[in-house]
Amino acid sequence: MRQMKDSGIEWIGKIPEGWAIERMKGLFTERNERDCKGKTLLSVSQYYGIRPKSETDIADSHIAESYDDYKVVCQGDFVMNIMLAWNGSYAVSDYNGMVSPAYCVFKFRKDCCEKYFHYLLRTNGYPTAFKTMSRGVIDSRLRLYPEQFYTFPVILPPVEDQQRIADYLDLKCGEIDSLIGLQEQMIEKLKAYKQSVITEAVTKGLDPNAKLVPSGIDWIGEIPEGWKVCKLKNQYTLLNGRAYSDSELLQEGKYRILRVGNLFSSDKWYYSDMELEDNKYCEADDLLYGWSASIGPLIWNGEKVIYHYHIWKVLFYENDLRYSYYLLDALTHAKRRDMHGSAMQHLTKTNMDNSWIPLVPKEEQRSIATYLDSKCADIDRLIALKQQKIEALKDYKKSIIYEAVTGKTIIE
């Protein structure tokens, strides 16, 4: 039976006898080398740790004019984004390379297993604690400077224990990550299947025995005999929202301003007191299209708000609302190759206006929409179950890491 003692650190609890507690300053010293010529640019994330930036989703964004002031990173260094330390954006690097001068790079002072500390410092307690010592008014402005970082306590097991724990976690986390990867692959396949179901229904209808004829449009392919095609602008009107300068964005006001970020996340809401023409507001059951980040269509189900310039309100006239939503979803997917921009891809209004779409009788539109509501709900439920499994696996991984790095799991 292993003898345990109180660590004196609330989020760590008890640790084995023989393990020490030390301040970060005794473990780390800052590396400030700046000769980065020919080195690989690295990216630091709370999700994946450290990778070459070329392998991340933001590979084409934020390209610097010069890397003269960037910081050297050596394999085994601990790299921290001081602006995002509070959300866990730091890790031990498996790569040699360079990072932004806004980051801190630390090398280890003493003989140790760097990978152990990679696991230890990415447990939940440290980001929470780092936030308490970060300086700034709001989360997006918080900074954790080396002087504060050095004051935090860290567990220091014997080196042989560090290595055993790191080897154990490499194996266990690798197994869990493989299971997570399988679930993610299934989700991507379900999303692709859902997209194919939508496109097939809005372009072919629901009658499997219908005679099909060429539409002359690549993304549509064949359509049922009796259907026609037309340009989107002949059936729909895309209305631009209003652009706002920073000085016009209020913290409080009469109307909320719906921006692209509010469509898919909990981005902060801004307000305006301006009274605008009716077509600059959206209300429940309005069809919107987020074009600046290629979000695509959505049916607004909230209160009356002003919609921002990066969103179109779609007037659908005699067309069915739900069918129009699914049609625009299929069109967006089909027109990926026409999108502009790198970090924020988008479709232009001219491109959308001149896009060819099927011209479908309204009664058939309703039937198609009803079918897709049911079919997509079934697929979404399967995706949600897969996502729940992923979250459960992530929680399991966190618990395994915590139990191991704090010595609560005995590893032979």
With distance as the sole criterion, is a donor-acceptor pair present between the side chains of [X] and [Y] under 3.5 Å?
X	Y	answer
Glu275	Tyr255	yes
Tyr119	Asp170	yes
Ser247	Ser245	yes

Take atom [atom1] in [X]; do more than 12 heavy atoms of anything else shown fall under 6.0 Å from it?
X	atom1	answer
Glu17	CD	yes
Lys304	NZ	yes
Glu160	CD	yes
Lys408	NZ	yes
Lys189	NZ	no
Tyr281	OH	yes

Take the angle between the ring planes of [X] and [Y] and call it parallel below 30°, perpendicular above 60°, tilted in between.
X	Y	value
Tyr90	Phe130	perpendicular
Trp312	Trp291	parallel
Phe108	Phe28	tilted

Is Asp378 salt-bridged to Arg381, going by a charged N under 4.0 Å from an acidic O?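 A salt bridge is present here (some side-chain N lies under 4.0 Å from a carboxylate O).
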
Salt bridge or not between Arg34 and Asp69? Use side-chain N to carboxylate O under 4.0 Å.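 Judged by the 4.0 Å cut-off on N to carboxylate O distance, Arg34 and Asp69 do form a salt bridge.
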
Do [X] and [Y] come close enough that some side-chain heavy atom pair is under 4.5 Å?
X	Y	value
Tyr95	Thr40	no
Val79	Leu42	no
Arg23	Pro153	yes
Glu248	Tyr270	no
Val360	Asp320	no
Phe78	Phe149	yes
Ile400	Ile176	yes
Glu30	Cys104	yes

Audit row: Asn351, Lys335, side-chain hydrogen bond (donor to acceptor under 3.5 Å, both in side chains) steps and yes/no: CA-CA 9 Å; Asn351 187 300; Lys335 295 183 75 65; 2.9 Å; yes

Does the salt bridge (Lys or Arg N to Asp or Glu O under 4.0 Å) test come out yes or no for Arg135 and Glu147, once each step is laid out? CA-CA 11 Å; Arg135 296 177 177 175; Glu147 294 77 14; over 6 Å; no

Check the pair Arg164, Asp161 against salt bridge (Lys or Arg N to Asp or Glu O under 4.0 Å), reporting the backbone distance first and the verdict last. CA-CA 5 Å; Arg164 268 198 301 272; Asp161 286 348; 2.3 Å; yes

Quick one, Gln251 with Lys268, criterion side-chain hydrogen bond (donor to acceptor under 3.5 Å, both in side chains). Give me CA distance, side-chain angles, the key distance, then yes/no. CA-CA 9 Å; Gln251 302 299 314; Lys268 178 181 178 180; 2.5 Å; yes

Can the positive tip of Arg242 be found less than 6.0 Å from the middle of the six-membered ring of Tyr244, inside 45° of the ring normal?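 Relative to the ring axis of Tyr244, which defines the angle, Arg242 lies inside both limits.
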
